[in-house]
Amino acid sequence: MSRRSRSPKRSREYEDGALSSSVKRGSSRERGGGYESRRRERDYGSSARDRDLDRDRERDRERDYHHRSRRNEDRWSERDSRGYDERRRERERERDRERYDSARDRDRYSSRGQRRSASPRSRGSRSGSPSGQDPADKSKPNFAPSGLLAAETNTVKAVDGTSTVLKYNEPPEARKPVLGWRLYVFKDAEQVELLHIHRQSAYLVGRDRLVADIAVDHPSCSKQHAVFQYRYVQEKDEFGSSKGVVKPFVIDLESTNGTLVNDETIPPARYYELKAGDVIKFGLSTKEYVLLHDEAS
């Protein structure tokens, strides 16, 4: 009886223990499953947040990229527009310069044409024939030199109120001579006068005694006939080296009958070099001017 009665208790205890262990395992499994599910939820939530953050970062990057690209486009467009404005401004300046140059050349050529055709127009107006060119517009400014300042500078006034305008101006290379140059004046093979021409750099020859340094009375000579001019020029010696010397020259001031050196007519308005012993004549006068200096033998 005792063995039979003990077996059911043991079996019940065994069954209760197994049941409790199974319940414990189920509860542990339930606990483990909850942890797993919570971990999955946490991981899913973190991954979703990460995706949202990544998406936000990507949007920010795209926004920054578009903003930078738009700003660069604006900058380049502004730079291009500025360059276009500068090029347009430069083209306008070039056009203004061309217009100014063309207008100046046109005025210059028209003034030259009016000067050259002044005498034919005056003849045509006397005869009553129509003129082919229009008169100059006096309302427009004329910047051409009038010659009044030069005439005032070169004007020599006499005591009685009369004045004479000089036809000649000394060049920049004008110098006083070092040698004592002289002019021996002969008439019919007889010496009539001796002129010392070394005290100044130029001597004017002519009939106008108001301005002439060497007066001539022959009617064939002009009022301002010629000029003896000393000039500083460069001269090469026999060794090829150059040195500066002061030499005498004569220039004819476009006189009516010209100037002769050694019986040869010299070209007008040009300097002609003189040597010691040269014979100069003015116009049709028979007077001869022989040029010598102190060292001439």
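Hydrogens, waters and symmetry mates are skipped; everything else that's a heavy atom, side chains included, is used.
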Q: Examine distances only and state if a side-chain atom of Asn257 and a backbone atom of Ser220 form a donor-acceptor pair shorter than 3.5 Å.
A: yes

Q.
Within this structure, what is the CD1-CZ distance for the pair Ile266 and Phe249, rounded to the nearest 0.5 Å?
A. 12.0 Å

Q. Taking the six-membered ring for Trp, are Tyr203 and Tyr230 parallel (under 30°), tilted (30 to 60°) or perpendicular (over 60°)?
A. perpendicular

**Q.** hydrophobic_cluster_shared for Phe228 and Leu195, side chain cutoff 4.5 Å
**A.** yes

Q) Quick one: OG1 on Thr162 to CG on Leu210, what's the gap to the nearest 0.5 Å? A) 6.0 Å

Q) Is there a donor-acceptor contact under 3.5 Å from the side chain of Arg207 to the main chain of Cys221? A) yes

(Q) Restricting to salt bridge (charged side-chain N to carboxylate O under 4.0 Å, His left out), what partner residues turn up for Arg63, sequence neighbours left out? (A) Asp60

(Q) Looking at Asp56 and Arg59, is any side-chain nitrogen of the basic one under 4.0 Å from a carboxylate oxygen of the acidic one? (A) yes

Q: Hey, could you give me the CD/CG distance between Gln224 and Asp208, rounded to the nearest 0.5 Å?
A: 6.5 Å

Q: Run through Leu260, Asn262, Thr259 and flag the one making a side-chain contact (heavy atoms from CB on, under 4.5 Å) with Lys281.
A: Leu260

Q: Please say whether more than 12 non-hydrogen atoms of neighbouring residues, nucleotides or ligands are located less than 6.0 Å from NZ in Lys167.
A: yes

(Q) Does Glu264 have more than 12 heavy atoms from other residues, nucleotides or ligands lying within 6.0 Å of its CD? (A) no

**Q.** Ion pair check, Lys275 and Glu273, cut-off under 4.0 Å
**A.** yes

(Q) Can you confirm whether the side chains of Tyr184 and Arg182 place a donor and an acceptor under 3.5 Å from each other? (A) yes

Q: Please confirm whether Trp181 and His293 have ring centers closer than 6.0 angstrom.
A: yes

Q) When hydrophobic residues are tied together by side-chain contacts of less than 4.5 Å, even through go-betweens, does Leu204 share a cluster with Ile197? A) no

Q | Check against salt bridge (Lys or Arg N to Asp or Glu O under 4.0 Å), Asp54 and Arg57 | A | CA-CA 5 Å; Asp54 293 338; Arg57 288 196 196 95; 2.9 Å; yes

Q. Do Ile214 and Val185 share a hydrophobic cluster (ILVMFWY, side-chain heavy atoms under 4.5 Å, transitive)?
A. yes

Q.
Working note: Tyr289 + Phe282, criterion ring pair (Phe, Tyr, Trp, His ring centres under 6.0 Å); need CA distance, chi angles, decisive distance, verdict.
A. CA-CA 9 Å; Tyr289 297 81; Phe282 302 103; 5.2 Å; yes

Q.
Filter on side chain to side chain donor-acceptor pair (under 3.5 Å), then keep only pairs touching residues 185-196, sequence neighbours left out; what's left?
A. Lys187-Thr286

Q.
Please tell me whether Ser201 and Glu170 have a donor and an acceptor in their side chains that are separated by less than 3.5 angstrom.
A. yes

